[in-house]
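In what follows, a structure is listed as structure tokens, so that the remarks can point back to it.
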Amino acid sequence: MTLFRHYKLLLLLLLQMFALQSTAQFQDDNFLEKLLKKHPERFSEILKNQEKYKVQILYTRIDRNRKNVPHFTTHGYHVKSDDYFYPASTVKLPAVALAFEKLNRLGIDKYTPMFTGAARPGQTAVSSDSSSEEGLPSVAHYAKKILLASDNDAFNRLYEFIGQEELNDSLRKKGYKNTRITHRLEIPASVEDNRHTNPVRFEKDEKVVYDQPAAYSSKDYTSPQPILWGNGYIKDGKLINEPFDFAAKNFFALEEQHKLLKALFFPEDVPPSQRFNLTKDDYQFLYQYMSQFPVETSFPASYTDDYYDGYTKFLLFGATKTRLPRHIRLFNKSGDAYGFLLDNAYIADFEKGIEFMLTAVIYCNEDQIFNDDKYEYDSVGLPFLANLGKTIFDYELNRKRLVRPDLSRYEVQYDK
């Protein structure tokens with residue numbers, strides 16, 4: 001074997017080792033468990049009943065050098081990529097990113113009016129949006145409503161614009177192998193209905209700049225195996241005494257949620273194949289509306305009393321309805337449904353120079369019945385997520401940093 005081939009094989013081996021290292025998402029250690037055990041008043045019940053609450057946690061510590069380049073150390077607690085939980089509204093964040101990416105590919109500005117048609121029974125059309133400044137729908141306004149208030153209809157419209165097949169295949173090409181987004185939210189639709197997506201067109205100055213026909217996914221993304229949970233579920237007002245099957249429901253593994261967060265907040269620190277094709281303005285849009293409080297919002301103007309500061313900010317703040325400090329920001333996407341409560345956040349304190357990433361899920365369904373609206377979000381889930389955020393925040397506050405991070409990239413101008 002020639003010396004050149006020796007060097008070539010050595011280089012290939014090093015590249016493979018780097019690839020394996022870059023795909024490793026967290027350290028399989030007991031750092032988080034030890035930290036939680038230091039606070040029995042907060043976590044003893046949760047720690048004693050892992051089988052009941054199905055808690056999964058990922059925490060990333062971020063240390064920067066003098067050039068502000070970040071180094072990541074991620075710790076996991078009971079994280080398994082194939083352990084199913086219902087991801088609820090957390091699937092909306094990749095939909096926003098992929099909608100922006102698709103617009104960039106098409107050369108369409110995200111503020112361009114988008115009109116949705118209806119091509120089959122069950123589909124609905126959209127020609128106006130009274131909550132937007134112009135009174136017209138757009139990808140930007142849908143994204144804003146998703147990030148500020150987790151609007152379900154807004155997600156459905158982005159799902160229809162991207163299309164089920166493109167949505168899932170695009171994520172898989174970026175390495176999201178344990179993610180599937182197969183259905184609209186909060187509306188009754190069959191597996192077949194969700195494979196069909198509406199026609200969409202974009203207009204500027206009363207001229208059509210892009211006309212997308214109705215689409216059909218040629219692939220079936222439902223789980224080939226049943227995913228059974230609980231003891232029963234409510235259907236048409238009646239209790240069905242059988243486990244509920246989540247095979248046709250969305251899935252977004254915790255590890256992949258954390259991975260998405262890193263790709264959006266630290267795009268230079270993930271492999272190019274995992275990045276989203278977003279503009280600087282797209283990133284600034286995400287950073288603004290992922291962290292902006294509803295009361296700081298001009299449009300929709302309806303975000304008043306019901307949308308308190310802590311609305312959807314589960315980690316660190318839980319169900320807090322008082323005014324929150326403005327120097328601490330959660331850039332997050334949370335969700336709750338079927339008893340699953342979760343949050344995925346990059347958290348920054350701009351006064352104290354603190355930053356970290358935290359993603360967690362807890363199952364709150366004492367009676368093991370689905371669709372009965374009896375979930376322990378307020379008594380178990382929200383206090384747990386708030387305490388988890390506080391515990392990590394306190395750890396970050398007290399640990400030594402060699403360099404104070406420059407967080408100016410994430411300091412954005414809010415509406416008001």
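Arg184 meets the salt bridge (charged side-chain N to carboxylate O under 4.0 Å, His left out) test with Glu160; sequence neighbours excluded. Not counting sequence neighbours, the partners of Asp153 by the salt bridge (charged side-chain N to carboxylate O under 4.0 Å, His left out) test are Arg157. Scanning for side chain to side chain donor-acceptor pair (under 3.5 Å) contacts around Thr279 gives Asp282, with sequence neighbours left out. For Lys219, the salt bridge (charged side-chain N to carboxylate O under 4.0 Å, His left out) criterion is met by Asp169, not counting sequence neighbours. Not counting sequence neighbours, the partners of Gln212 by the side chain to side chain donor-acceptor pair (under 3.5 Å) test are Lys102, Tyr210. In this view, Glu411 satisfies the side chain to side chain donor-acceptor pair (under 3.5 Å) rule with no residue, not counting sequence neighbours. Partners of Arg409 according to the salt bridge (charged side-chain N to carboxylate O under 4.0 Å, His left out) rule, which considers only residues two or more places apart in sequence or in another chain, are Glu268. For Ser298, there are no side chain to side chain donor-acceptor pair (under 3.5 Å) partners two or more places apart in sequence or in a different chain. For Asp109, the side chain to side chain contact (heavy atoms under 4.5 Å, CB included) partners two or more places apart in sequence, or in a different chain, are Tyr111, Thr112.
Between Tyr377 and Tyr375, the ring-plane angle classifies as tilted under the 30° and 60° cut-offs. Between Phe100 and Phe285, the ring-plane angle classifies as perpendicular under the 30° and 60° cut-offs. Ring planes of Phe331 and Tyr287: perpendicular class, angle over 60° (limits at 30 and 60°). Classification of the Tyr307-Tyr303 ring pair by plane angle, with boundaries at 30° and 60°, yields tilted. Classified by interplanar angle (parallel below 30°, tilted 30° to 60°, perpendicular above 60°), the ring pair Phe244/Phe370 is tilted.
Distance check: Ser138 OG to Leu136 CG gives 8.5 Å after rounding to the nearest 0.5 Å. For the atom pair OH (Tyr77) and CG (Leu254), the distance works out to 13.0 Å, reported to the nearest 0.5 Å. Atom-to-atom distance recorded for Gln164:CD and Ser217:OG is 4.0 Å, nearest 0.5 angstrom. With rounding to the nearest 0.5 Å, the separation of CZ in Arg61 from NE2 in His75 is 7.0 Å.
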Test ring-ring contact (aromatic ring centres under 6.0 Å, His included) on His196 and Tyr216; report intermediate values, then the result. CA-CA 5 Å; His196 288 270; Tyr216 179 73; 4.5 Å; yes
Please test Arg42 against Thr391 for side chain to side chain contact (heavy atoms under 4.5 Å, CB included), starting from the C-alpha separation and ending with a verdict. CA-CA 9 Å; Arg42 294 177 176 178; Thr391 300; 2.7 Å; yes
Test Leu32 against Asn30 for side chain to side chain contact (heavy atoms under 4.5 Å, CB included), laying out the working first. CA-CA 6 Å; Leu32 284 171; Asn30 59 357; over 6 Å; no
Chi angles and distances behind the ring-ring contact (aromatic ring centres under 6.0 Å, His included) call for Phe265, Tyr410: CA-CA 9 Å; Phe265 283 81; Tyr410 310 112; 5.7 Å; yes
Hey, mind stepping through Asp193 and Arg120 against salt bridge (Lys or Arg N to Asp or Glu O under 4.0 Å) and telling me if it holds? CA-CA 9 Å; Asp193 289 337; Arg120 54 186 275 116; 3.0 Å; yes
Using the ring-ring contact (aromatic ring centres under 6.0 Å, His included) rule, take Tyr53 and Phe43 through it: C-alpha gap first, then chi angles, then the decisive distance, then the call. CA-CA 12 Å; Tyr53 294 115; Phe43 303 111; over 10 Å; no
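Between Lys38 and Asp394 there is no salt bridge, since none of the side-chain N atoms of the basic residue sits less than 4.0 Å from a carboxylate O of the acidic one. Ion pairing between Glu166 and Arg105 holds under the 4.0 Å rule for side-chain N and carboxylate O. In this structure, Asp309 pairs ionically with Arg326, as a charged nitrogen and a carboxylate oxygen lie closer than 4.0 Å. Using a cutoff of 4.0 Å between basic side-chain nitrogens and carboxylate oxygens, Lys54 and Asp83 are not scored as salt-bridged. By the 4.0 Å N-to-carboxylate-O rule, Glu33 lies close enough to Lys37 to be salt-bridged with it. Ion pairing between a basic and an acidic side chain is recognised when a charged N comes within 4.0 Å of a carboxylate O; Lys145 and Asp129 show such pairing.
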Please set out all donor-acceptor pairs under 3.5 angstrom arising from side-chain atoms of residues 333-348, sequence neighbours excluded.
| from | atom 1 | to | atom 2 | distance (Å) |
| --- | --- | --- | --- | --- |
| Lys333 | NZ | Ser150 | OG | 2.9 |
| Ser334 | OG | Thr312 | O | 2.8 |
| Tyr338 | OH | Lys249 | NZ | 3.1 |
| Asp343 | OD1 | Asn332 | ND2 | 2.9 |
| Asp343 | OD2 | Phe314 | N | 3.1 |
| Asp343 | OD2 | Leu315 | N | 3.0 |
| Asp343 | OD2 | Asn332 | ND2 | 3.3 |
| Asn344 | OD1 | Thr359 | OG1 | 2.6 |
| Asn344 | ND2 | Gln257 | O | 3.0 |
| Tyr346 | OH | Glu355 | OE1 | 2.6 |

When the side chains of residues 230-237 are checked against the rest of the protein, which donor-acceptor pairs come out under 3.5 Å, sequence neighbours left out?
none

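Contact record, Asn277 with Glu101: N-OE2, 2.7 Å, taken as the closest heavy-atom pair. In plain terms, the two heavy atoms of Val191 and Ala248 that are nearest each other are CG2-CB, 3.7 Å. Residues Leu171 and Pro94 come closest through the heavy atom pair CD2-CB, 4.1 Å. For the residue pair Leu228 and Pro243, the shortest heavy atom distance occurs at CB-CB, 3.9 Å.
Counted within 6.0 Å of CD on Gln50, heavy atoms from surrounding residues, nucleotides or ligands total more than 12; the atom is thus considered enclosed. No more than 12 heavy-atom neighbours from other residues, nucleotides or ligands sit within 6.0 angstrom of NZ on Lys238. The environment of Asn398 atom CG is dense: over 12 non-hydrogen atoms of other residues, nucleotides or ligands sit within 6.0 angstrom. The neighbour count for Leu402 CG, taken as heavy atoms of other residues, nucleotides or ligands under 6.0 Å away, does not exceed 12. More than 12 heavy atoms of other residues, nucleotides or ligands shown are found within 6.0 angstrom of CD on Glu192.
Side-chain polar atoms of Gln288 and Gln292 form a donor-acceptor pair below 3.5 angstrom.
Ring-centre distance between Phe246 and Tyr84: below the 6.0 Å cut-off. Annotation: Phe293 is not in aromatic contact with Tyr414 [ring centroid separation under 6.0 Å not met].
With respect to Phe161, the ring pair (Phe, Tyr, Trp, His ring centres under 6.0 Å) criterion is satisfied by exactly one of Tyr142, Phe115, Phe202: Phe202. Shown are Leu286, Leu98, Val96, Asn104; of these, the side-chain contact (heavy atoms from CB on, under 4.5 Å) with Phe276 is made only by Leu98.
For the salt bridge (Lys or Arg N to Asp or Glu O under 4.0 Å) condition, the pairs that include at least one residue of residues 362-377, sequence neighbours left out, are Lys52-Glu366.
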